[in-house]
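Below is one structure, written out as structure tokens, with a few remarks after it.
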Amino acid sequence: MFLYIIYLVIQMTITFKTSNKTKQMLEEFYEDLKREKTPPYAVFQAVDGDSIVTLYESGKVVFQGKDADIASEYWIETEKINSGNVSVTNSDNKSKEKSNLDINKYMYVNAVGSDEVGTGDYFGPIVVTASYVKREDIPYLKELGCGDSKKITDDKIKEIAPLIAKKIPYRSLVLSNTDYNKYHNSCNMNKVKAILHNKVLLDIMDTNPKVDYIIIDEFAKEYVYYNYLKDAKRVQRKITFLTKGEDKNMAVACSSIISRYLFLKEYDKLNKKLNITLPKGAGVEVDKIGKELVNKYGQEILNDIAKLSFKNTEKILN
Ligand code: MG
């Protein structure tokens, strides 16, 4: 409860790098205010009035709270004296702040998280993955460079995804284009996503993982999501919906990478079969290649390699 209240009132984050001398002084000063638990790579975390102070092994110190400016003021002055200069970051930008808070809250936890790829690509399948990441797996995954798959190159994905898959439990579903085109007649893209997320989440939750949170990278508001599933036999509940979830939670990040990996594998197979490099996304290049393929193989080919519900279909066939 105490923690929760702190999260509500935090408005500011002030960060700067300390010299060894200031680091030592901080340690002595906060000796009695230290929390029992420290985040990974931190020397300590302490509660100072309405602020939380975290000193990292690297020397970085972070003050968070509605009076973080007051709590940090003395230390910024001290650092100036000890090392001659100090470079301070003060992020009181609201959305960035919210995002930082989410990272603090959802990063170092035991969680099942799910994410999907392929929903913005005309060619290729949709892949949804749910993974289970334990707190103690996080340093290793960070070291691998786990994060948002959209920010990682395809080569890097191919390198780290098998290592992640070896380390953590996960469940993936690949929805082929043929199946998507069958499905989509009766429901929209977000409903398809909801059904797939629900399946992989139920699958992995059936293995009884010990979780603090079950997280979905948000693609629909909570009530809309559950509404999509109103006819499902079983529905996974108690889900936390996070925007940019792959930046805030490691299980979502891993799911994003594994999904991307499986997507790329399917994509490579398609390319090989057609002896062509299919463009990603849904832009004009997609229309151009689509027309070439239809000329060569007839329009039935699209049913097997593309998502017919996209506007591209009309443009390709006209
Ligand atoms: Mg996503």
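Remember, it's a predicted structure, so these values are computed and weren't measured experimentally. Numbering of ligands and ligand atoms starts at 1, following listing order.
Heavy-atom minimum distance, N303 versus N181: O-ND2, 2.9 Å.
A cation-pi arrangement is absent between R171 and Y132, since the terminal nitrogen or guanidinium carbon is not both under 6.0 Å from the aromatic centre and inside a 45° cone about the axis.
With sequence neighbours excluded, the residues satisfying side chain to side chain contact (heavy atoms under 4.5 Å, CB included) with D247 are D148, K151, K244.
Of all protein N/O/S atoms, those under 2.8 Å from the Mg ion (ligand 1) are D115 OD1, D217 OD2, and waters are not counted.
No more than 12 heavy atoms of other residues, nucleotides or ligands lie within 6.0 Å of CG in N20, so this atom counts as exposed by the packing criterion.
Classified by interplanar angle (parallel below 30°, tilted 30° to 60°, perpendicular above 60°), the ring pair F310/Y122 is tilted. Taking the six-membered ring where the residue is Trp, F241 and Y226 present perpendicular rings, their angle passing 60° and hence far from 30°.
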